[in-house]
Amino acid sequence: MIHSLFLINSSGDIFLEKHWKSVVSRSVCDYFFEAQERATEAENVPPVIPTPHHYLLSVYRHKIFFVAVIQTEVPPLFVIEFLHRVVDTFQDYFGVCSEPVIKDNVVVVYEVLEEMLDNGFPLATESNILKELIKPPTILRTVVNTITGSTNVGDQLPTGQLSVVPWRRTGVKYTNNEAYFDVIEEIDAIIDKSGSTITAEIQGVIDACVKLTGMPDLTLSFMNPRLLDDVSFHPCVRFKRWESERILSFIPPDGNFRLLSYHVSAQNLVAIPVYVKHNISFRDSSSLGRFEITVGPKQTMGKTIEGVTVLSQMPRGVLNMSLIPSQGTHTFDPVTKMLSWDVGKINPQKLPSLKGTMSLQAGASKPDENPTINLQFKIQQLAISGLKVNRLDMYGEKYKPFKGIKYMTKAGKFQVRT
Amino acid sequence: MPYLGSEDVVKELKKALCNPHVQADRLRYRNAIQRVIRHMTQGLDMSGVFMEIVKASATVDIVQKKLVYLYMCTYAPLKPDLALLAINTLCKDCSDPNPMVRGLALRSMCSLRMPGVQEYIQQPILNGLRDKASYVRRVAVLGCAKMYNLHGDSEVDGALVHELYSLLRDQDPIVVVNCLRSLEEILKHEGGVVINKPIAHHLLNRMSKLDQWGQAEVLTFLLRYQPRSEEELFDILNLLDSFLKSSSPGVVIGATKLFLILAKKFPHVQTDVLMRVKGPLLAACSSESRELCFVALCHVRQILHSLPGHFSSHYKKFFCSYWEPHYIKLQKVEVLCELVNDENVQQVLEELRGYCTDVSVDFAQAAIFAIGGIARTYTDQCVQILTELLGLRQEHITTVVVQTFRDLVWLCPQCTEAVCQALPGCEENIQDSEGKQALIWLLGVHGDRISNAPYVLEDFVENVKSETFPAVKMELLTALLRLFLSRPAECQDMLGRLLYYCIEEEKDMAVRDRGLFYYRLLLLGIDEVKRILCSPKSDPSLGLLEDQPERPVNSWASDFNTLAPVYGKARWATIFKHQGTEHCGPKLPHTASLATSGHLISEENKERVQELQDSEALMLVPSCQLTAEYFEKTWLSLEVAHQQVLPWQGEVHPDTLQMALQVVNIQTIAMSRVGAQPWKAYLGAQDGAGCLFLTELLLEPENSKLQISVKQSEKRTEILSSFISVLETVIGTIGDMKS
């Protein structure tokens with residue numbers, strides 16, 4: 001299925017290759033390089049590239065292209081999902097997934113890839129099973145290994161593979177039994193010039209960290225389950241029970257996992273927590289333009305908006321900008337024409353603003369397009385859709401676990417047109 | 001793989017590996033091996049230290065073993081004789097008490113890829129198939145496929161195949177999936193693994209135990225199974241139901257495909273399934289992963305071919321945001337272009353209008369072409385937007401707008417007037433060959449309506465010497481000759497100069513020949529020129545037949561969830577042919593003739609056009625102008641000469657019908673609005689002898705019948721019957737296109 005994998009950095013060097021069947025020559029990547037050259041930016045390299053004898057399917061993450069070489073017909077989604085899983089696993093193992101880190105840990109990377117695929121077919125991809133086969137490197141373990149000469153490789157077979165519940169190993173034991181759930185919602189929105197919403201939707205996930213002894217059976221209920229119109233579950237969730245009672249009932253995997261992901265796209269349900277007031281004008285005659293933006297809170301249910309950053313790609317005609325922020329720091333890169341403003345917290349009494357002038361190319365006509373503003377922000381302790389967990393119960397075990405739930409709202413692709 | 005400068009490294013490592021002090025220290029020894037592996041992964045040729053590494057394989061350290069095996073799998077094909085030395089250690093490891101060591105050794109041994117290894121691995125594989133650890137069984141099952149691949153020509157071992165089939169009942173889900181994968185490879189010359197009823201049901205029941213990869217693959221294998229009865233079919237569909245809600249888009253799409261294929265005789269089930277995956281599919285379209293988005297969008301387009309209205313209410317999901325990569329933006333624009341309807345056309349056009357001034361030239365041009373596509377249905381609004389775009393005086397915009405105009409005028413003649421008014425002035429902003437050609441063509445064909453046409457062309461004639469594109473010169477010759485026919489006084493002198501230049505000075509043979517051809521044609525007299533050059537100026541029927549609405553779901557269901565929707569079937573077919581039969585997938589089309597994209601009219605439709613013209617034994621007058629009052633008066637005064645009922649499914653698209661009738665010179669007098677019940681239309685036509693045909697179409701959707709009543713001003717039955725056959729053909733054609 002997946003014949004070979006090449007890891008290519010954005011300057012076009014192959015820094016790692018792995019073959020699961022016969023060795024495919026590196027020259028197959030020439031087709032990829034061609035496409036890379038044609039695309040102006042790395043993001044624009046198409047994910048599927050046909051070549052005379054192979055197909056190259058790639059994903060681009062952390063400035064690395066993961067290029068899979070395929071020889072027979074395959075479902076494209078399958079391969080792309082798998083590549084993402086590979087990246088997630090690396091990230092899980094090494095904390096970050098970057099070229100130097102992969103190069104440093106090349107041996108572990110190879111071992112992991114060897115276990116993930118055999119003969120081109122996915123084998124073990126669950127992170128907690130993999131981690132039992134090959135233990136992730138940590139600073140402490142590296143030190144211990146150097147002293148004692150022990151290894152990163154588990155010498156016992158993962159027990160999870162023998163249990164009746166495939167995602168949970170048997171005989172789990174913890175002294176502190178705890179179950180934590182994070183409800184994280186991301187708002188994707190496009191806001192038009194006048195401030196009205198063109199599209200808005202919420203992509204939510206519930207990530208869990210469950211460390212419970214034995215075989216616990218959990219049920220999780222919501223105050224307002226009807227909110228979730230498009231849900232997909234971790235395989236552990238009993239689908240029939242959800243359909244009939246709208247209750248999540250499951251035997252959890254051990255450790256970290258994503259319990260469910262959902263979408264809220266009915267427009268009236270999506271509250272927009274921030275607004276941006278902007279006044280960006282170019283004049284035909286003068287070589288100066290005015291620039292002024294203000295960010296303020298809208299529907300935040302009394303919570304503070306933090307971690308606000310504003311990013312905007314200015315038109316090519318803009319030579320430089322002289323701006324004064326009322327708070328935070330800003331930079332403008334005259335080469336890429338990228339303006340970024342790190343705002344921080346929004347204080348509703350004193351709204352942050354960024355004012356000043358832009359100097360334009362002399363003599364050139366005024367730019368046709370106005371810049372688009374991209375916004376990043378975070379709101380703690382709030383799920384913007386209003387989703388609330390009602391209660392969490394545990395059956396099947398006798399002890400009392402610690403339970404906790406956290407809410408968080410973030411900006412996803414949040415864009416304001418001007 | 002050879003790499004300059006690797007020799008020193010190899011020498012140094014060789015020394016380190018041979019050093020007894022290093023060998024004695026476990027850590028240093030392992031470190032040296034790790035360095036070998038690191039160089040290997042970066043493409044350096046490390047085969048020089050093979051001997052030393054083989055020696056390192058005799059160890060109890062499991063990490064060292066892993067590294068050594070990794071090395072051997074890479075270089076064994078280069079040094080088969082040395083690799084044989086390691087086989088003994090591997091064989092011994094295959095009976096190690098630790099299942100992990102057994103699995104590792106077996107996997108490495110099967111991956112050695114060197115001739116002659118088969119005799120050594122056969123027994124360990126057979127033992128592995130009966131191992132009590134599922135980890136080893138998984139490896140052994142895939143090992144069978146690897147062994148078979150090593151000796152591709154050898155006979156399929158019946159006993160082994162039997163053993164694998166029986167392992168399909170293994171309790172470990174991954175062993176089950178691996179069996180399928182393995183059998184598929186071993187039996188590829190016999191069409192792959194056979195899925196009979198017991199196997200199919202066994203797999204279906206195990207589905208929920210599999211991981212997402214297993215599920216996706218089993219769903220693909222199940223495509224081969226044909227349920228015996230309708231009852232069984234629906235049982236299967238019920239079992240599969242929950243997979244439409246899976247968290248993995250791959251599984252969702254895989255399940256959808258299985259539904260579509262299994263329910264190919266039940267269109268309502270298919271529609272229902274597509275309805276239900278709408279949510280997951282849209283979610284994938286806005287997924288974090290760009291690549292997933294892209295593939296999902298390709299599938300959305302595929303669905304739109306059959307159900308044009310399917311995503312119309314979600315059009316906003318397909319609005320582009322600034323940060324998205326190009327390939328996604330281009331797909332989204334295509335999708336937007338396909339899902340416009342009366343309700344969202346305004347918003348979609350506004351959005352597309354915004355894209356037209358995008359920084360990226362490609363994207364801006366794609367957006368303009370998309371507006372041009374929508375203009376076939378919503379002409380006035382689009383032409384207005386395009387005209388405004390000309391006002392920006394940007395080169396890359398103007399050239400595409402003019403090209404869009406050219407196509408539009410050809411397909412929708414009603415917009416000619418507006419286009420002609422917009423054209424003057426844009427010649428200053430066109431530099432490229434395509435744009436120039438389009439402009440010159442428009443000036444030539446519709447020059448009689450554009451006052452400054454001869455002067456614009458004159459500029460081109462003046463500069464013809466510095467013109468670099470021969471295609472532009474050819475277009476210029478034709479256009480000028482055409483314009484000469486309608487405005488001779490202004491063009492005669494120019495035409496003379498151009499012909500002189502082309503014949504005497506031009507170096508490009510094709511242009512020169514074209515010049516000579518026109519010159520000789522002119523010698524034959526003006527009537528002959530007119531006969532040859534004055535072809536029709538537009539052909540609305542082309543547009544009508546081109547955007548064939550609604551291909552049946554079954555026509556693409558087999559391509560769903562393959563690479564075909566991503567880069568087109570034609571492309572796929574050529575790539576596939578390159579591959580030859582060696583990697584033969586069982587379900588691929590072998591010829592490129594299936595590809596219809598790229599042709600304006602597919603073969604089938606060409607025949608139909610032919611048919612239409614042949615049946616016109618009676619000559620209907622094209623310019624028959626009946627007023628509504630006159631029609632009403634005549635209608636009431638006449639008796640019904642013929643009445644007939646045709647089958648009809650669903651709604652009527654008045655525009656389509658009107659255009660189709662226009663092609664055969666039947667005029668539409670009046671029509672009820674879309675969705676009215678019952679739906680009525682009145683048509684009029686006149687033949688060469690002045691005989692009037694008045695027709696009423698009455699559609700009652702509930703019993704899906706279309707009643708035709710025809711009245712005739714003179715009683716001539718033979719003409720009446722041929723008129724009716726024309727009408728039937730037109731209605732039949734439209735009906736076919738819908739279903």
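These figures come from a predicted structure and were not determined experimentally. In what follows, chains carry the letters A, B, and so on, assigned in the order in which the sequence lines appear, proteins first and then strands, with residues in each chain numbered from 1. Only this structure's heavy atoms are used, side chains among them; waters, hydrogens and symmetry mates stay out.
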Heavy-atom pair with the smallest gap, counting every atom of P280(B) and V252(B): CB-CG1, 3.9 Å

Polar side-chain atom of W242(A) near backbone of V237(A) as donor-acceptor pair, under 3.5 Å: no

Per-residue contact mode, E114(A) against chain B (heavy atom under 4.5 angstrom): both

From CZ (F414(A)) to CG (D188(A)), nearest 0.5 Å: 10.0 Å

Interchain contact, L292(B) with chain A, by part (heavy-atom threshold 4.5 Å): both

Region of F239(A) that comes under 4.5 Å of a non-hydrogen atom in chain B: side chain

Contact origin within D104(A) toward chain B - heavy atom pairs under 4.5 Å: backbone

Gap between atom CG of N561(B) and atom SG of C298(B) - 0.5 Å precision: 12.0 Å

Whether E43(A) side chain and E324(B) backbone form a donor-acceptor pair below 3.5 Å: no

Verdict with reasoning, E201(A) to K413(A), per salt bridge (charged side-chain N to carboxylate O under 4.0 Å, His left out): CA-CA 10 Å; E201(A) 78 175 332; K413(A) 299 174 207 145; over 6 Å; no

L142(B) portion near chain A, given a 4.5 angstrom heavy-atom threshold: both

Options V106(A), D118(A), T372(A), L16(A), ranked by heavy-atom pairs under 4.5 Å with chain B, top entry: D118(A)

Residue selection (most heavy-atom pairs with chain A, distance under 4.5 Å) from Q347(B), K245(B), R107(B): R107(B)

Top of S232(A), S261(A), G120(A) for chain B proximity - count of heavy-atom pairs under 4.5 angstrom: S232(A)

Portion of V79(A) that has a non-hydrogen atom of chain B nearer than 4.5 angstrom: neither

Heavy-atom proximity to chain B below 4.5 Å, by part of V107(A): side chain

Best-contacting candidate, F15(A), F233(A), F121(A), Y60(A), against chain B by heavy atom pairs under 4.5 angstrom: F121(A)

Backbone of V108(A) reached by a side-chain donor or acceptor of N105(A) within 3.5 Å: no

Salt bridge (charged side-chain N to carboxylate O under 4.0 Å, His left out) assessment of D88(A) paired with R61(A): CA-CA 10 Å; D88(A) 291 341; R61(A) 280 177 68 181; 2.9 Å; yes

Contacting region of S286(B) [heavy-atom separation from chain A under 4.5 Å]: both

Proximity breakdown for E81(A) and chain B, heavy-atom pairs closer than 4.5 Å: both

Engaged part of S248(B) at the chain A interface, taking heavy atoms whose separation is under 4.5 Å: both

Distance flag, aromatic centroids of H19(A) and F6(A), threshold under 6.0 Å: yes

Chain B interface, residue from K21(A), K18(A), K240(A) that has the most non-hydrogen pairs under 4.5 Å: K21(A)

Largest heavy-atom contact set with chain B, pairs under 4.5 Å, which of I14(A), T125(A), L83(A): T125(A)

Basic-acidic side-chain contact under 4.0 Å: R137(B), D172(B): no

Residue I328(B) versus chain A: region with a heavy atom under 4.5 Å: neither

Donor-acceptor pair, side chain of N44(A) and main chain of A39(A), under 3.5 angstrom: no

R85(A) portion near chain B, given a 4.5 angstrom heavy-atom threshold: side chain

Contact leader toward chain A among A216(B), A283(B), S242(B), where contacts are heavy-atom pairs under 4.5 Å: A283(B)

Side chain / backbone / both / neither for E185(B) at chain A, heavy atoms under 4.5 Å: side chain

Heavy-atom proximity to chain A below 4.5 Å, by part of S111(B): neither

Interface moiety of S25(A) toward chain B, non-hydrogen atoms closer than 4.5 Å: neither

R38(B) versus chain A, the contacting section by heavy-atom distance below 4.5 Å: both

Distance-only polar pair, side chains of K317(B) and T199(A), donor-acceptor under 3.5 Å: no

Under 4.5 Å from a heavy atom of chain A, the part of C320(B) involved: backbone

N178(B) versus R181(B), side-chain donor and acceptor atoms under 3.5 Å: yes

Other residues, nucleotides, ligands: >12 heavy atoms within 6.0 Å of E243(A) CD: yes

For chain B, the option from L57(A), L7(A), V45(A) that forms the most heavy-atom pairs under 4.5 Å: V45(A)

Evaluation steps, salt bridge (charged side-chain N to carboxylate O under 4.0 Å, His left out), between E351(B) and R417(A): CA-CA 12 Å; E351(B) 184 71 18; R417(A) 295 177 180 174; 2.7 Å; yes

